[in-house]
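Here is the structure we will look at, set down as C-alpha coordinates.
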Number of protein chains: 2
Amino acid sequence: MEISQVAKKSGVSASTLRFYEEKGLISSIGRQGIRRVFGPNVLERLELIALGRAAGFSLDEIAGILGNEAKPEIDRELLLRKANELDGTIKKLTAMRDGLKHAAACTAPSHLECPRFRRLMNLAGTGAIKGLTTNKK
Amino acid sequence: MEISQVAKKSGVSASTLRFYEEKGLISSIGRQGIRRVFGPNVLERLELIALGRAAGFSLDEIAGILGNEAKPEIDRELLLRKANELDGTIKKLTAMRDGLKHAAACTAPSHLECPRFRRLMNLAGTGAIKGLTTNKK
DNA sequence: CTACAACTTCAAGTTAACTTTAAGTCAAGC
DNA sequence: GCTTGACTTAAAGTTAACTTGAAGTTGTAG
(Lines give C-alpha, C1' and ligand atoms only; values in the text may rest on other atoms or scores of the structure.)
Protein backbone atom coordinates (compact mmCIF):
# COMPACT_ATOMS: atom_id res chain seq x y z
CA MET A 1 0.00 0.00 0.00
CA GLU A 2 1.02 3.54 -0.64
CA ILE A 3 0.94 6.12 2.10
CA SER A 4 -2.36 7.62 1.01
CA GLN A 5 -4.01 4.19 1.16
CA VAL A 6 -2.82 3.75 4.70
CA ALA A 7 -4.00 7.26 5.51
CA LYS A 8 -7.44 6.58 4.12
CA LYS A 9 -7.82 3.20 5.80
CA SER A 10 -6.47 4.28 9.15
CA GLY A 11 -7.70 7.82 9.33
CA VAL A 12 -4.16 8.93 10.15
CA SER A 13 -2.86 11.66 7.86
CA ALA A 14 0.09 11.05 5.54
CA SER A 15 2.21 13.63 7.30
CA THR A 16 1.51 11.91 10.60
CA LEU A 17 2.47 8.57 9.10
CA ARG A 18 5.82 9.98 8.00
CA PHE A 19 6.22 11.52 11.41
CA TYR A 20 5.45 8.19 13.09
CA GLU A 21 7.94 6.42 10.89
CA GLU A 22 10.60 8.95 11.77
CA LYS A 23 9.83 8.33 15.43
CA GLY A 24 10.16 4.59 14.92
CA LEU A 25 6.53 3.88 15.71
CA ILE A 26 5.79 2.29 12.38
CA SER A 27 7.91 1.18 9.45
CA SER A 28 7.40 0.75 5.77
CA ILE A 29 8.06 -2.61 4.20
CA GLY A 30 10.20 -0.98 1.52
CA ARG A 31 10.11 1.50 -1.33
CA GLN A 32 8.89 1.59 -4.89
CA GLY A 33 11.19 4.15 -6.39
CA ILE A 34 11.11 6.93 -3.88
CA ARG A 35 7.70 6.06 -2.43
CA ARG A 36 7.08 4.19 0.77
CA VAL A 37 5.26 0.89 0.63
CA PHE A 38 3.47 -0.34 3.71
CA GLY A 39 2.42 -3.85 4.63
CA PRO A 40 -1.07 -4.55 5.95
CA ASN A 41 0.05 -4.99 9.55
CA VAL A 42 0.81 -1.29 9.74
CA LEU A 43 -2.93 -0.82 10.21
CA GLU A 44 -2.95 -3.02 13.29
CA ARG A 45 0.05 -1.18 14.54
CA LEU A 46 -1.68 2.14 14.09
CA GLU A 47 -4.64 0.88 16.05
CA LEU A 48 -2.31 -0.11 18.86
CA ILE A 49 -0.81 3.36 18.76
CA ALA A 50 -4.28 4.92 18.90
CA LEU A 51 -5.10 2.68 21.81
CA GLY A 52 -1.98 3.70 23.63
CA ARG A 53 -2.67 7.38 23.02
CA ALA A 54 -6.22 6.97 24.26
CA ALA A 55 -4.89 5.29 27.38
CA GLY A 56 -2.68 8.30 27.99
CA PHE A 57 0.70 7.02 26.83
CA SER A 58 3.00 9.44 25.06
CA LEU A 59 4.36 8.50 21.66
CA ASP A 60 7.75 7.88 23.20
CA GLU A 61 6.25 5.52 25.73
CA ILE A 62 4.34 3.72 23.01
CA ALA A 63 7.52 3.34 20.97
CA GLY A 64 9.13 1.76 24.01
CA ILE A 65 6.21 -0.57 24.63
CA LEU A 66 5.71 -1.77 21.09
CA GLY A 67 9.36 -2.14 20.21
CA ASN A 68 10.19 -2.91 16.61
CA GLU A 69 8.91 -6.42 16.40
CA ALA A 70 6.16 -7.24 13.96
CA LYS A 71 4.10 -8.98 16.62
CA PRO A 72 4.54 -7.00 19.78
CA GLU A 73 3.97 -8.64 23.14
CA ILE A 74 2.78 -6.05 25.58
CA ASP A 75 3.80 -6.10 29.20
CA ARG A 76 0.75 -7.02 31.25
CA GLU A 77 2.05 -5.36 34.35
CA LEU A 78 2.41 -2.12 32.47
CA LEU A 79 -1.18 -2.36 31.32
CA LEU A 80 -2.30 -2.89 34.87
CA ARG A 81 -0.32 0.09 36.10
CA LYS A 82 -1.86 2.26 33.42
CA ALA A 83 -5.31 0.91 34.28
CA ASN A 84 -4.80 1.91 37.89
CA GLU A 85 -3.55 5.30 36.84
CA LEU A 86 -6.70 5.72 34.81
CA ASP A 87 -8.69 4.67 37.81
CA GLY A 88 -7.28 7.54 39.81
CA THR A 89 -7.98 9.96 37.00
CA ILE A 90 -11.55 8.73 36.78
CA LYS A 91 -12.09 9.24 40.50
CA LYS A 92 -10.84 12.80 40.33
CA LEU A 93 -12.88 13.61 37.29
CA THR A 94 -15.93 12.16 38.95
CA ALA A 95 -15.46 14.37 42.00
CA MET A 96 -15.03 17.25 39.62
CA ARG A 97 -18.15 16.45 37.66
CA ASP A 98 -20.27 16.06 40.77
CA GLY A 99 -18.98 19.34 42.13
CA LEU A 100 -19.74 21.14 38.90
CA LYS A 101 -23.21 19.64 38.72
CA HIS A 102 -23.93 20.74 42.23
CA ALA A 103 -22.60 24.20 41.59
CA ALA A 104 -24.85 24.48 38.54
CA ALA A 105 -27.90 23.52 40.58
CA CYS A 106 -26.96 25.23 43.82
CA THR A 107 -29.28 27.94 45.13
CA ALA A 108 -26.61 29.95 46.91
CA PRO A 109 -26.64 33.52 45.59
CA SER A 110 -23.06 33.23 44.40
CA HIS A 111 -20.91 30.18 43.80
CA LEU A 112 -18.36 31.73 46.08
CA GLU A 113 -20.87 31.41 48.91
CA CYS A 114 -21.64 27.76 48.28
CA PRO A 115 -19.64 25.62 50.70
CA ARG A 116 -19.50 22.76 48.30
CA PHE A 117 -18.11 24.97 45.56
CA ARG A 118 -15.53 26.26 48.02
CA ARG A 119 -14.49 22.74 48.84
CA LEU A 120 -14.11 22.04 45.15
CA MET A 121 -12.01 25.17 44.70
CA ASN A 122 -9.86 24.06 47.55
CA LEU A 123 -9.39 20.64 46.09
CA ALA A 124 -8.31 22.10 42.79
CA GLY A 125 -6.07 24.66 44.47
CA THR A 126 -4.15 22.14 46.54
CA GLY A 127 -3.42 20.19 43.41
CA ALA A 128 -5.44 17.20 44.59
CA ILE A 129 -6.98 17.31 41.18
CA LYS A 130 -4.10 17.52 38.79
CA GLY A 131 -2.60 16.26 35.62
CA LEU A 132 -5.86 16.24 33.76
CA THR A 133 -6.59 17.74 30.41
CA THR A 134 -9.18 17.33 27.75
CA ASN A 135 -7.72 18.06 24.37
CA LYS A 136 -8.72 21.09 22.40
CA LYS A 137 -11.26 20.98 19.60
CA MET B 1 1.24 41.31 49.37
CA GLU B 2 4.28 41.05 47.16
CA ILE B 3 4.44 38.52 44.38
CA SER B 4 6.53 36.06 46.36
CA GLN B 5 3.94 36.07 49.14
CA VAL B 6 1.22 35.24 46.69
CA ALA B 7 3.42 32.55 45.17
CA LYS B 8 4.06 30.98 48.55
CA LYS B 9 0.45 31.11 49.68
CA SER B 10 -1.02 29.91 46.42
CA GLY B 11 1.63 27.50 45.25
CA VAL B 12 1.66 29.30 41.91
CA SER B 13 5.12 30.43 40.84
CA ALA B 14 5.96 34.12 40.48
CA SER B 15 6.62 33.77 36.77
CA THR B 16 3.22 32.16 36.35
CA LEU B 17 1.60 34.96 38.30
CA ARG B 18 3.13 37.53 35.97
CA PHE B 19 2.05 35.41 33.05
CA TYR B 20 -1.50 35.24 34.41
CA GLU B 21 -1.56 38.96 34.90
CA GLU B 22 -0.43 39.51 31.34
CA LYS B 23 -3.24 37.24 30.20
CA GLY B 24 -5.74 39.21 32.23
CA LEU B 25 -6.54 36.33 34.55
CA ILE B 26 -5.51 38.18 37.68
CA SER B 27 -4.59 41.76 38.45
CA SER B 28 -2.49 43.51 41.02
CA ILE B 29 -4.03 46.17 43.20
CA GLY B 30 -1.20 48.56 42.37
CA ARG B 31 2.54 49.06 42.66
CA GLN B 32 5.02 50.00 45.34
CA GLY B 33 7.77 51.52 43.27
CA ILE B 34 8.23 49.03 40.48
CA ARG B 35 6.87 46.03 42.42
CA ARG B 36 3.41 44.60 42.09
CA VAL B 37 1.16 44.59 45.10
CA PHE B 38 -1.67 42.09 45.27
CA GLY B 39 -4.85 42.17 47.32
CA PRO B 40 -5.98 39.11 49.25
CA ASN B 41 -8.74 38.21 46.80
CA VAL B 42 -6.14 37.22 44.25
CA LEU B 43 -5.83 33.97 46.19
CA GLU B 44 -9.49 33.18 45.69
CA ARG B 45 -9.14 34.06 42.08
CA LEU B 46 -6.21 31.68 41.72
CA GLU B 47 -8.27 28.91 43.27
CA LEU B 48 -10.99 29.54 40.75
CA ILE B 49 -8.41 29.38 37.99
CA ALA B 50 -7.08 26.10 39.35
CA LEU B 51 -10.62 24.79 39.48
CA GLY B 52 -11.24 25.77 35.92
CA ARG B 53 -8.01 24.15 34.77
CA ALA B 54 -8.90 20.97 36.64
CA ALA B 55 -12.29 20.97 34.95
CA GLY B 56 -10.57 21.14 31.59
CA PHE B 57 -11.01 24.80 30.69
CA SER B 58 -8.18 26.53 28.87
CA LEU B 59 -6.76 29.72 30.31
CA ASP B 60 -8.48 31.71 27.60
CA GLU B 61 -11.81 30.14 28.45
CA ILE B 62 -11.27 30.87 32.12
CA ALA B 63 -10.45 34.47 31.33
CA GLY B 64 -13.74 34.70 29.48
CA ILE B 65 -15.70 33.07 32.27
CA LEU B 66 -14.25 35.04 35.15
CA GLY B 67 -14.22 38.41 33.43
CA ASN B 68 -12.52 41.24 35.26
CA GLU B 69 -14.97 41.76 38.07
CA ALA B 70 -13.81 41.27 41.60
CA LYS B 71 -16.73 38.98 42.45
CA PRO B 72 -17.31 36.87 39.40
CA GLU B 73 -20.67 35.25 38.81
CA ILE B 74 -20.20 32.05 36.90
CA ASP B 75 -22.67 30.92 34.31
CA ARG B 76 -24.48 27.87 35.69
CA GLU B 77 -25.34 26.56 32.28
CA LEU B 78 -21.68 26.57 31.34
CA LEU B 79 -20.87 24.57 34.43
CA LEU B 80 -23.51 22.04 33.52
CA ARG B 81 -22.18 21.74 29.98
CA LYS B 82 -18.70 21.16 31.30
CA ALA B 83 -20.05 18.62 33.79
CA ASN B 84 -21.66 16.70 30.97
CA GLU B 85 -18.51 16.89 28.93
CA LEU B 86 -16.64 15.42 31.87
CA ASP B 87 -19.26 12.74 32.09
CA GLY B 88 -18.50 11.64 28.56
CA THR B 89 -14.79 11.67 29.28
CA ILE B 90 -15.33 9.55 32.36
CA LYS B 91 -17.32 6.97 30.42
CA LYS B 92 -14.60 6.65 27.80
CA LEU B 93 -11.86 6.40 30.35
CA THR B 94 -13.84 3.77 32.22
CA ALA B 95 -14.19 1.65 29.09
CA MET B 96 -10.50 2.12 28.57
CA ARG B 97 -9.61 1.12 32.10
CA ASP B 98 -11.77 -1.98 31.99
CA GLY B 99 -10.28 -2.98 28.68
CA LEU B 100 -6.75 -2.54 29.98
CA LYS B 101 -7.53 -4.49 33.12
CA HIS B 102 -8.94 -7.29 31.12
CA ALA B 103 -5.98 -7.30 28.76
CA ALA B 104 -3.64 -7.49 31.73
CA ALA B 105 -5.47 -10.49 33.11
CA CYS B 106 -6.39 -12.16 29.85
CA THR B 107 -5.04 -15.64 29.24
CA ALA B 108 -4.87 -15.37 25.45
CA PRO B 109 -1.29 -16.08 24.33
CA SER B 110 -0.99 -12.64 22.77
CA HIS B 111 -3.05 -9.53 23.32
CA LEU B 112 -3.58 -9.41 19.61
CA GLU B 113 -5.47 -12.67 19.88
CA CYS B 114 -7.77 -11.51 22.65
CA PRO B 115 -11.10 -10.46 21.17
CA ARG B 116 -11.71 -7.98 23.89
CA PHE B 117 -8.37 -6.34 23.31
CA ARG B 118 -9.16 -6.19 19.60
CA ARG B 119 -12.44 -4.47 20.36
CA LEU B 120 -10.60 -1.97 22.47
CA MET B 121 -8.10 -1.35 19.70
CA ASN B 122 -10.93 -0.81 17.33
CA LEU B 123 -12.62 1.65 19.62
CA ALA B 124 -9.44 3.65 19.94
CA GLY B 125 -8.76 3.44 16.20
CA THR B 126 -12.14 4.75 15.17
CA GLY B 127 -11.68 7.74 17.41
CA ALA B 128 -14.56 6.71 19.67
CA ILE B 129 -12.11 7.32 22.44
CA LYS B 130 -10.60 10.66 21.75
CA GLY B 131 -9.63 13.99 23.13
CA LEU B 132 -8.18 12.51 26.25
CA THR B 133 -4.80 13.12 27.72
CA THR B 134 -3.20 12.74 31.07
CA ASN B 135 -0.48 15.29 31.53
CA LYS B 136 3.15 14.35 31.65
CA LYS B 137 5.11 13.98 34.87
C1' DC C 1 6.36 13.88 -24.74
C1' DT C 2 4.35 16.45 -21.43
C1' DA C 3 1.40 17.58 -17.80
C1' DC C 4 -0.03 16.44 -13.39
C1' DA C 5 -1.24 14.48 -9.11
C1' DA C 6 0.87 12.13 -5.61
C1' DC C 7 4.68 11.30 -3.63
C1' DT C 8 9.55 12.70 -1.44
C1' DT C 9 12.88 15.40 2.09
C1' DC C 10 14.10 18.84 5.28
C1' DA C 11 13.24 22.78 7.81
C1' DA C 12 10.35 25.65 9.97
C1' DG C 13 5.86 26.81 11.94
C1' DT C 14 1.87 25.84 15.39
C1' DT C 15 -0.38 25.76 20.13
C1' DA C 16 -0.73 25.97 25.16
C1' DA C 17 1.03 27.10 29.25
C1' DC C 18 4.63 28.14 31.08
C1' DT C 19 9.91 28.78 32.27
C1' DT C 20 14.31 30.79 31.47
C1' DT C 21 17.52 34.35 30.55
C1' DA C 22 19.49 38.84 30.17
C1' DA C 23 19.65 43.21 31.66
C1' DG C 24 18.04 46.52 34.67
C1' DT C 25 15.66 48.73 39.31
C1' DC C 26 15.47 49.35 44.06
C1' DA C 27 15.29 49.15 49.38
C1' DA C 28 17.99 47.59 53.13
C1' DG C 29 22.02 46.21 55.63
C1' DC C 30 27.02 46.66 56.47
C1' DG D 1 28.55 53.98 49.27
C1' DC D 2 28.39 49.45 47.97
C1' DT D 3 26.64 44.82 47.90
C1' DT D 4 22.80 41.79 48.06
C1' DG D 5 18.51 39.84 47.10
C1' DA D 6 13.97 40.34 45.54
C1' DC D 7 11.82 42.38 42.30
C1' DT D 8 11.07 44.32 37.13
C1' DT D 9 10.57 43.81 31.68
C1' DA D 10 10.94 41.77 27.16
C1' DA D 11 12.22 38.27 24.48
C1' DA D 12 13.39 33.78 23.68
C1' DG D 13 13.21 28.86 24.92
C1' DT D 14 10.53 24.42 26.14
C1' DT D 15 7.58 20.24 25.08
C1' DA D 16 4.48 17.25 22.51
C1' DA D 17 2.54 15.99 18.52
C1' DC D 18 1.87 17.35 14.59
C1' DT D 19 1.24 20.44 10.23
C1' DT D 20 2.89 23.37 6.63
C1' DG D 21 5.92 24.99 3.09
C1' DA D 22 9.40 24.87 -0.36
C1' DA D 23 11.65 22.46 -3.66
C1' DG D 24 12.41 18.32 -5.99
C1' DT D 25 10.95 13.27 -8.03
C1' DT D 26 7.97 9.89 -10.22
C1' DG D 27 4.45 6.93 -12.33
C1' DT D 28 0.73 7.44 -15.35
C1' DA D 29 -2.89 9.42 -18.42
C1' DG D 30 -3.56 11.75 -22.57
Side-chain angles (χ1 to χ4, degrees), chain A residues 1-38 42 46 48-66 124 127 129-137, chain B residues 1-38 42 46 48-66 124 127 129-137:
Chain A
M1 302 160 85
E2 285 211 340
I3 202 167
S4 62
Q5 304 285 308
V6 180
K8 187 160 280 177
K9 289 200 186 184
S10 67
V12 175
S13 78
S15 67
T16 301
L17 291 172
R18 289 192 203 99
F19 174 68
Y20 279 2
E21 194 190 34
E22 208 179 336
K23 275 229 148 192
L25 283 161
I26 59 174
S27 51
S28 50
I29 204 86
R31 296 275 178 137
Q32 269 181 6
I34 201 178
R35 300 180 175 201
R36 285 168 185 80
V37 181
F38 291 95
V42 78
L46 285 169
L48 280 173
I49 293 169
L51 178 60
R53 295 272 300 126
F57 289 100
S58 72
L59 293 184
D60 282 353
E61 285 178 304
I62 293 169
I65 293 164
L66 296 185
I129 297 176
K130 213 101 191 243
L132 310 170
T133 329
T134 307
N135 276 346
K136 63 278 161 180
K137 244 219 246 110
Chain B
M1 303 160 86
E2 285 213 340
I3 202 167
S4 62
Q5 304 285 308
V6 180
K8 187 161 281 177
K9 289 200 187 185
S10 67
V12 176
S13 77
S15 67
T16 301
L17 291 172
R18 289 190 203 99
F19 173 68
Y20 279 3
E21 194 191 33
E22 208 179 338
K23 276 229 147 192
L25 282 162
I26 59 174
S27 51
S28 50
I29 204 84
R31 297 273 177 138
Q32 269 180 8
I34 202 178
R35 301 181 174 200
R36 286 167 184 80
V37 180
F38 291 96
V42 78
L46 285 170
L48 280 172
I49 293 168
L51 179 59
R53 296 272 300 125
F57 290 100
S58 71
L59 292 184
D60 282 353
E61 284 178 305
I62 293 169
I65 293 164
L66 296 184
I129 297 176
K130 210 108 188 241
L132 310 169
T133 330
T134 307
N135 276 345
K136 63 280 161 179
K137 249 224 244 104

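By convention in this document, chain letters (A, B, ...) are assigned in the order of the sequence lines, proteins followed by strands, and residues within each chain are numbered from 1. Computed from heavy atoms alone, side chains included, the values below leave out hydrogens, waters and symmetry copies.
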- Message: Any side-chain to backbone donor/acceptor pair from A:Ser10 onto A:Val6? Under 3.5 Å, distance only.
- Response: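 Pair found, side chain donor or acceptor close to backbone of A:Val6.
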
Atom-to-atom span, [atom1] of [X] to [atom2] of [N] - whole angstrom:
X: B:Arg53; N: C:dA16; atom1: CZ; atom2: C1'; value: 8 Å
X: B:Lys8; N: D:dC7; atom1: NZ; atom2: C1'; value: 15 Å
X: A:Arg18; N: C:dC7; atom1: CZ; atom2: P; value: 8 Å
X: A:Ile26; N: D:dC18; atom1: CD1; atom2: C1'; value: 14 Å
X: B:Arg31; N: C:dC26; atom1: CZ; atom2: P; value: 12 Å
X: B:Glu22; N: D:dT8; atom1: CD; atom2: C1'; value: 13 Å
X: A:Lys23; N: D:dT19; atom1: NZ; atom2: C1'; value: 15 Å
X: B:Leu25; N: C:dA16; atom1: CG; atom2: P; value: 13 Å

Is the shortest side-chain N/O distance from [X] to OP1 or OP2 of [N] below 4.0 Å?
X: A:Thr16; N: D:dA17; result: no
X: A:Ser13; N: D:dC18; result: no
X: B:Tyr20; N: C:dC18; result: yes

- Please tell me which of the listed nucleotides, D:dT19, C:dT19, C:dA6, lies nearest to the side chain of A:Arg35?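 The closest nucleotide is C:dA6.
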
- Nucleotide nearest B:Phe19 (side chain, heavy atoms from C-beta), chosen from D:dC7, D:dT26, C:dA17: C:dA17

- Select base, sugar-phosphate, or nothing to describe what B:Arg36 touches, counting heavy atoms under 4.0 Å on all strands.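 Sugar-phosphate contact only - B:Arg36 comes under 4.0 Å of backbone atoms but never of a base.
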
- Could you tell me whether the side chain of B:Arg31 reaches within less than 4.5 Å of the side chain of B:Arg36, counting heavy atoms only?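 Heavy-atom side-chain distance check passes, below 4.5 Å.
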
- Which heavy-atom pair separates A:Phe57 from A:Ile62 by the least distance, and what is that distance?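 Residues A:Phe57 and A:Ile62, closest heavy atoms: CB-CG1, 3.6 Å.
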
- Specify the closest pair of heavy atoms between A:Glu61 and A:Gly56, including all atoms of both residues, with the distance to one decimal.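 Smallest interatomic distance, heavy atoms only, reads OE1-O, 4.1 Å.
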
- Query: Using a distance-only test with no angle check, is there a side-chain donor-acceptor pair under 3.5 angstrom linking A:Ser27 and A:Glu21?
  - Reply: no

- When the nearest nucleotide of DNA chain D is assigned to A:Ser15 and to A:Ile34 on a heavy-atom basis, which residue is associated with the more 5' position?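 Its nearest nucleotide lies further toward 5', so the answer is A:Ser15.
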
